[in-house]
Amino acid sequence: MSTKPKKFEDELKELETIVSQIDSGELTLDESIGAFERGVMLVKALNGKLDEVERKVELLTRSAGGELRTAPFEPSSETENENENSAGAKDDDETPF
């Protein structure tokens, strides 16, 4: 019997739950380390899924003439500005994932 891969949203929600548990300070040290390890695995899985979707977007890009072509995904300048602002903010409450 094969297990069905979890949805991106389900894994993201699980990661958010783990971060909340660690931030709460209610876990023991061993529980926190275990939760952190699970969180790292989830981050890797989520990044892998995002990479896969990005490759699909590149493959599905069409030219004006309707021909399929590969073009790298470029975030809008609005998204880049948000990333720059959040990267520059130093907030101890933020998780470095």
TODO: Kindly compute the distance separating CG (Asn47) from CD (Glu52), expressed to the nearest 0.5 Å.
DONE: 13.0 Å
Task: Interatomic distance, Met41 atom CE to Ile18 atom CD1 [nearest 0.5 angstrom] - done: 8.0 Å
Task: Name of the residue among Glu16, Glu9, Glu14 meeting side-chain contact (heavy atoms from CB on, under 4.5 Å) with Leu12 - done: Glu16
Task: Residues forming a side-chain contact (heavy atoms from CB on, under 4.5 Å) with Lys49, sequence neighbours excluded - done: Phe8, Glu11
Open item on the list: Which heavy atom of Leu15 sits nearest to which heavy atom of Leu46, and what is that distance?
Closed with: CD2-CD1, 3.9 Å
- [ ] Output all residues satisfying salt bridge (charged side-chain N to carboxylate O under 4.0 Å, His left out) with Lys13, sequence neighbours left out; order by chain, then residue number.
- [x] none
TODO: Hey, could you give me the CG/CD1 distance between Leu27 and Ile33, rounded to the nearest 0.5 Å?
DONE: 11.0 Å
